[in-house]
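All remarks here apply to the structure that follows.
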Amino acid sequence: MPVDPSRTVAELVIERPSRTRVFERHGVDYCCGGKRTLAQACARRGVDASAVVAELELEAAAGTGAPDGVDWSGAPLAELCDHIVDTHHEFLRAELPRLSAMVDKVARVHGAERPEMPVVRDVFEAMRAELEAHLVDEEERLFPACRAGAPIDSGDLEGLEAEHVTVGAALERIRDLTGGHDMSAAMCNTHRATLDGLRELEADLHLHIHLENNVLFPRVVAGAA
């Protein structure tokens, strides 16, 4: 089936989650920017929309499925909340301290040759602080309410989405500073591993935020169970 570039990126990913692989390759924002059309999202990143459409259609023809094998758009909200915590929150709790130490080491040792790395460190640490507070807020307030079917104030969801925008901007800043996590510019194995870790963190956070902004939050507003 042809991919319509006038559809939103979020709609395309909800319909076929494996499309995230194509969007990640091109740096197309499908989480915080999920409400944009595919054409708008590609223009924002300076990517040829027709080339992305061709890759999406090729991906569909290849028959690859969802990255985690589950269609979360129809799963019970309690299961979706558990998945977000067990998969994405736990990933962050393991990766954020590990990457913090690595980014700091690279910035200290190679900051003179790679002046972008001290800036990456500052952006990363601000993002880490935002995320760690965000996880606690979701686990102590939002997710228990979702599991219990309790009413949730729309202002709370808007606040969480605003925090997602802040995180998304930090990820984009890190990507730009590092030339798209270009490991060919690495000064040592630690630098190379740091860039690879930042790339993995970005991909996981994109999927994480997509599940909340474009799947969980709209279903909460609609009163789904």
**Request:** Report whether Trp72 and Val220 are members of the same hydrophobic cluster (ILVMFWY, side-chain heavy atoms less than 4.5 Å apart, transitive linking).
**Result:** yes

**Listed partners of Val221 passing side-chain contact (heavy atoms from CB on, under 4.5 Å), at least two apart** = Leu157

What side-chain donor-acceptor pairs closer than 3.5 Å can you find for residues 45-52, not counting sequence neighbours?
from: Arg45; atom 1: NE; to: Gly27; atom 2: O; distance (Å): 3.4
from: Arg45; atom 1: NH1; to: Glu172; atom 2: OE2; distance (Å): 3.3
from: Asp48; atom 1: OD1; to: Ser50; atom 2: N; distance (Å): 3.0
from: Asp48; atom 1: OD1; to: Ser50; atom 2: OG; distance (Å): 2.7
from: Asp48; atom 1: OD2; to: Ser50; atom 2: OG; distance (Å): 3.2

**Request:** Measure across Pro5 and Thr37 and return the closest heavy-atom pair with its distance rounded to 0.1 Å.
**Result:** O-CB, 3.6 Å

**Message:** Over 60° means perpendicular and under 30° means parallel, so tell me whether Phe217 and His164 are parallel, tilted or perpendicular.
**Reply:** parallel

**Reported CZ-to-CG distance for the pair Arg7 and Leu38, which is rounded to 0.5 angstrom** = 10.0 Å

**Asked** Checking side chain to side chain contact (heavy atoms under 4.5 Å, CB included) against Leu77, which of Leu216, Asp82, Val215 comes through?
**Response** Leu216

**Asked** Does the Asn214 side chain pair with the main chain of Tyr30, one donor and one acceptor, at a distance under 3.5 Å?
**Response** yes

**Message:** Does any part of the side chain of Phe124, heavy atoms only, come nearer than 4.5 Å to the side chain of Thr194, both counted from C-beta?
**Reply:** no

**Request:** Before giving the answer on side-chain contact (heavy atoms from CB on, under 4.5 Å), spell out for Arg141 and Asp156 the whole-Å C-alpha distance, their side-chain angles and the decisive distance to 0.1 Å.
**Result:** CA-CA 10 Å; Arg141 295 193 312 115; Asp156 288 342; 3.5 Å; yes

**Request:** Would you kindly confirm whether Val109 and Leu99 end up in one hydrophobic cluster when ILVMFWY residues are joined by side chain heavy atoms under 4.5 Å apart?
**Result:** no

**Message:** Listing request: all side-chain hydrogen bond (donor to acceptor under 3.5 Å, both in side chains) pairs with a residue in residues 121-131, at least two apart in sequence or in separate chains.
**Reply:** Ser100-Glu125, Ser100-Arg128, Asp104-Arg121, Arg128-Glu132

**Asked** Would Asp196 and Arg199 satisfy salt bridge (charged side-chain N to carboxylate O under 4.0 Å, His left out), going step by step from the backbone distance to the final call?
**Response** CA-CA 5 Å; Asp196 187 56; Arg199 178 189 57 77; 2.5 Å; yes

**Asked** Is any side-chain heavy atom of Arg36 less than 4.5 Å from a side-chain heavy atom of Asp29?
**Response** yes

**Request:** Nearest 0.5 Å please: distance from the CG atom of Asn189 over to the NE2 atom of His191.
**Result:** 11.5 Å

**Asked** Can you tell if the side chain of Asp4 reaches within under 4.5 Å of the side chain of Leu12, non-hydrogen atoms only?
**Response** no

**Pairs involving residues 6-27, ordered by first then second residue, that meet ring pair (Phe, Tyr, Trp, His ring centres under 6.0 Å) (sequence neighbours left out)** = none

**Request:** State whether the number of non-hydrogen atoms from other residues, nucleotides or ligands found under 6.0 Å of Arg147 atom CZ is greater than 12.
**Result:** yes

**Request:** Calculate, to the nearest 0.5 Å, the distance between atoms NE2 and NE2 belonging to His83 and His89 respectively.
**Result:** 10.5 Å

**Message:** Counting C-beta onward and ignoring hydrogens, is there a side-chain heavy-atom pair between Leu171 and Leu198 closer than 4.5 Å?
**Reply:** no

**Message:** Walk me through whether Arg21 and Glu24 qualify under salt bridge (charged side-chain N to carboxylate O under 4.0 Å, His left out).
**Reply:** CA-CA 5 Å; Arg21 298 186 181 99; Glu24 289 291 347; over 6 Å; no

**Message:** So which atom in Asn213 and which in Cys31 form the shortest heavy-atom distance, rounded to 0.1 Å?
**Reply:** ND2-O, 3.8 Å

**Asked** To the nearest 0.5 Å, how far apart are CG in Leu177 and CZ in Arg114?
**Response** 13.0 Å

**Item:** Non-hydrogen side-chain atoms of Glu95 and Asp204 separated by less than 4.5 Å
**Value:** no

**Prompt:** Do the side chain of Glu79 and the main chain of Pro76 share a donor and acceptor less than 3.5 angstrom apart?
**Reply:** no

**Request:** Return the minimal non-hydrogen interatomic distance between Thr8 and Gly34, and the atom names on each side.
**Result:** CB-O, 3.4 Å

**Message:** Do Met102 and Lys105 have side chains that approach each other closer than 4.5 Å (heavy atoms only, starting at C-beta)?
**Reply:** no

**Message:** Test of understanding: clusters of I, L, V, M, F, W, Y form through side-chain heavy atoms closer than 4.5 Å, transitively. Do Leu207 and Leu92 belong to the same one?
**Reply:** no

**In one Ile/Leu/Val/Met/Phe/Trp/Tyr side-chain cluster, 4.5 Å: Leu205, Val103** = yes

**Message:** Suppose clustering is done on Ile, Leu, Val, Met, Phe, Trp and Tyr with side-chain heavy atoms closer than 4.5 Å. Which residues sit in the same group as Met183?
**Reply:** Leu195

**Set of residues satisfying salt bridge (charged side-chain N to carboxylate O under 4.0 Å, His left out) with respect to Arg25, sequence neighbours excluded** = Glu55

**Prompt:** About how many Å separate CD1 of Ile84 and CD of Glu90, when rounded to the nearest 0.5 Å?
**Reply:** 13.0 Å

**Partner of Arg19 by side chain to side chain contact (heavy atoms under 4.5 Å, CB included), out of Val3, Val28, Val9** = Val3

**Request:** Just do the salt bridge (charged side-chain N to carboxylate O under 4.0 Å, His left out) check on Arg98 and Glu200 with the steps written out, would you?
**Result:** CA-CA 13 Å; Arg98 185 183 80 91; Glu200 290 184 352; 5.2 Å; no

**Between NE2 on residue His88 and NE2 on residue His208, distance to nearest 0.5 Å** = 6.5 Å

**Asked** Looking at side-chain heavy atoms only, is the closest gap between Val106 and Val120 below 4.5 Å?
**Response** no

**Message:** So Glu212 and Leu160, do their side chains get closer than 4.5 Å, heavy atoms only?
**Reply:** no

**Request:** Treating Ile, Leu, Val, Met, Phe, Trp and Tyr as nodes and any side-chain heavy-atom pair under 4.5 angstrom as an edge, say whether Phe143 and Leu135 lie in one connected cluster.
**Result:** no

